[in-house]
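What follows is a set of notes on a single structure, which appears directly below.
Values below: all heavy atoms of this structure, side chains included; hydrogens, waters and symmetry mates excluded.
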Amino acid sequence: MALSSVLLTTGCGSSEENGRDAKATAAVPTGFPITVDNCGVKTTYDRPPSRVVTIHQHPAELMLALGLKDRMVGTAFPDSAVLPELKKDYEAIPELAKREPSFEKILDAEPDFVYGGYGSAFAENEGRSRKAFADAGIDTYLNREYCGKKQVTMEDTYDEIRTIGKVFGVPGRADKLVADLEGRVGKATGKVEGEPEVPVFVYDSGDKSAFTAGGKSLGTELIRLAGGENVFADLDDVFGDVSWEQVVERRPEVIAIYDYAGAGSVEEKEKFLLSQSALADVPAIRNKRFVVLPLTATLVGIRSAYAVDDLARGLHPESFR
C-alpha cells in the first residue's frame with residue numbers, strides 16, 4: 001500500500017507544531033480521498049479501511065488474494081472449501097457465523113467496513129441494511145453481481161478487484177491479480193475457439209422445481225466463454241426457479257452442478273437427477289455429462305477465471321487432449 005511519507009523536521013517551530021504537521025500529513029494517504037459509487041451508494045474514503053468483516057466467502061477470498069489479511073477482523077458464511085493457497089490465512093481470521101451474522105455480532109467485531117457477497121448480506125428485514133451500518137459509522141460494499149442492473153460479465157469481476165484494490169490503497173496488487181486472471185481466461189477460451197456451443201443447464205438445487213442460474217448471473221458468462229450456452233439465459237435474474245418440463249424442453253447436453261455447503265452433496269444431486277424418469281431423454285442425463293463447480297467459482301470474485309477452464313474442459317474435452 002502506498003502511503004504518503006511523514007517528514008519530521010527539526011530546528012524550525014515547536015515540537016507541538018511539528019507533531020500537528022506530521023499528524024496532518026499522515027492523515028491523508030497517497031491517492032486518497034476517493035469516492036466510490038457501489039450499487040447506488042456513494043462512499044468517500046479518506047483512508048483505506050482497517051477493520052473489515054466479510055459476509056460470504058468470495059469477498060473474503062478476494063481480500064486475501066490482494067494480501068489484505070491484516071485488515072480482516074471477521075468472516076462469515078463459507079460456501080465451499082477455501083482455495084488451498086488461501087486456507088491458512090482464512091482460518092486465522094475469526095469466523096463470526098456459519099451463515100449471515102446478526103447486526104449486533106458484526107458490531108462486536110468493531111469493523112469500519114463490511115463487504116457482502118450476496119444481497120442477503122444487507123437484508124433490511126434482518127436489521128443489516130446498508131443504512132443501518134451507515135448510521136453506525138460503518139462503510140459497506142456489496143458485490144456488484146447483486147446491484148441488479150444488468151448481466152454480469154468477467155469485466156465486472158476485473159472491475160470489482162480493481163475497485164477493492166483502490167479502496168484499500170493497493171491498486172498495483174489489483175492490476176497484477178487481474179492480469180493473471182485474464183491470462184487464465186484467455187488460455188481457456190483459445191482452446192475452444194470455433195467449437196460449436198454446447199447447451200448447458202445449471203443445477204443449483206431443488207426437487208419440485210429447479211433453482212438455476214439466470215441471464216444476469218456471472219455463470220451465464222462463464223458458460224459462454226467456455227464454449228457453451230446457458231439454456232436459461234433468458235431468465236431475467238441472477239438465480240431463479242424453472243420447471244422440470246422447461247428443462248426437458250430445452251434439452252441441455254451438459255449439466256453444471258453447483259457445489260456448496262447446505263444444499264446436498266454432488267453425489268446426492270447427481271443421484272436425484274438420474275432418478276427422475278421425466279428427465280430420462282434429456283441428452284445430459286442420458287449421457288451422464290456433468291460438470292461440477294464450487295458455487296464460489298461462479299460468482300464475481302477471484303475463482304471465476306478458474307471456472308472458465310474447468311467448464312471448457314467439461315464441455316469440450318477433445319480440445320484439451
Side-chain angles (χ1 to χ4, degrees), residues 31-63 66 68 71-72 74-77 79 99-103 106-107 109 111-171 174 177-178 213-222 233-240 295-296 298-302 304:
F32 288 81
I34 61 168
T35 298
V36 172
D37 187 342
N38 167 238
C39 299
V41 176
K42 285 189 176 181
T43 305
T44 297
Y45 300 90
D46 295 321
R47 59 177 56 79
S50 61
R51 294 183 61 83
V52 182
V53 166
T54 58
I55 304 177
H56 306 116
Q57 188 173 332
H58 46 303
E61 290 190 338
L62 195 160
M63 292 278 295
L66 289 174
L68 298 169
R71 317 287 184 86
M72 299 173 68
T75 65
F77 209 145
D79 280 323
R99 296 185 67 83
E100 292 92 349
S102 67
F103 183 71
I106 297 170
L107 291 187
D112 57 5
F113 184 91
V114 177
Y115 184 6
Y118 303 113
S120 58
F122 301 117
E124 186 172 354
N125 64 338
E126 295 181 12
R128 290 189 308 273
S129 69
R130 297 184 74 175
K131 182 180 184 303
F133 282 111
D135 290 345
I138 300 169
D139 294 325
T140 56
Y141 190 95
L142 176 61
N143 186 291
R144 67 187 58 213
E145 189 163 8
Y146 284 84
C147 291
K149 294 181 180 178
K150 58 183 178 63
Q151 179 183 343
V152 181
T153 70
M154 281 300 294
E155 287 304 316
D156 289 291
T157 292
Y158 304 144
D159 287 346
E160 180 96 352
I161 293 168
R162 290 192 181 104
T163 300
I164 295 299
K166 183 169 67 171
V167 168
F168 285 88
V170 291
L177 179 56
V178 167
K216 288 186 176 180
S217 70
L218 183 61
T220 292
E221 166 84 340
L222 301 182
D234 58 339
L235 181 63
D236 191 30
D237 209 338
V238 178
F239 285 96
L295 180 63
T296 47
T298 70
L299 306 169
V300 171
I302 63 169
S304 48

Going by side chain to side chain contact (heavy atoms under 4.5 Å, CB included), name the residues that satisfy it together with A109, two or more places apart in sequence or in a different chain.
V53, V73, L96, P111

How many angstroms lie between CG in D139 and CZ in F113, if you round to the nearest 0.5 Å?
7.5 Å

Which residue is it: I302, V178, V300? I am looking for the one with a side-chain contact (heavy atoms from CB on, under 4.5 Å) to E160.
V300

Quick check for you: to the nearest 0.5 Å, what is the distance between F32 atom CZ and R47 atom CZ?
9.5 Å

Indicate yes or no for a side-chain donor-acceptor contact from S217 to the backbone of V152 under 3.5 Å, with no hydrogens or angles considered.
no

Side chain to side chain contact (heavy atoms under 4.5 Å, CB included) involving A134 - partner list, sequence neighbours excluded:
none

Go through the steps to decide whether L68 and V52 satisfy the test side-chain contact (heavy atoms from CB on, under 4.5 Å), and finish with yes or no.
CA-CA 9 Å; L68 298 169; V52 182; over 6 Å; no

Here the pair of heavy atoms bringing M154 nearest to E221 is N-OE2, 3.4 Å

Between R128 and P101 (side chain of the first, backbone of the second, donor and acceptor by atom type, cut-off under 3.5 Å), is there such a pair?
yes

Checking Y45 now: which residues fulfil ring pair (Phe, Tyr, Trp, His ring centres under 6.0 Å) with it, not counting sequence neighbours?
none

If I compare all heavy atoms of G165 with all of A174, which pair ends up nearest, and what's the gap?
CA-CB, 4.0 Å

With sequence neighbours excluded, tell me which residues meet ring pair (Phe, Tyr, Trp, His ring centres under 6.0 Å) with Y118.
H56, H58, Y146

Residue of the set T298, V238, T157 for which side-chain contact (heavy atoms from CB on, under 4.5 Å) holds with L218
T157

Mark yes or no for whether R130, through its side chain, and T140, through its backbone, hold a donor-acceptor pair below 3.5 Å.
yes

Are any of the side-chain heavy atoms of V167 and T43 separated by less than 4.5 Å?
no

Could you check if a side-chain atom of L299 sits within less than 4.5 angstrom of a side-chain atom of N143, using non-hydrogen atoms only?
no

Without swapping roles, check the side chain of D112 against the backbone of P49 for a donor-acceptor pair under 3.5 Å.
no

Cut-off 3.5 Å, side chains only: do T54 and T75 have a donor facing an acceptor?
no

Inter-residue atom distance R99.CZ - I55.CD1, 0.5 Å rounding:
12.5 Å

Considering all heavy atoms of both residues, which atom of N38 and which atom of Y141 are nearest to each other, and what is their separation?
OD1-CA, 3.4 Å

How far apart are the closest heavy atoms of R71 and P48, and which atoms are they?
NH1-CB, 3.6 Å

Distance from T296 atom OG1 to L62 atom CG, nearest 0.5 Å?
12.0 Å

Using the test side chain to side chain contact (heavy atoms under 4.5 Å, CB included), find all partners of E155 that sit at least two apart in sequence or belong to another chain.
T153, Y158

Kindly write out the residues that satisfy side chain to side chain contact (heavy atoms under 4.5 Å, CB included) with D237, not counting sequence neighbours, or none if the list is empty.
none

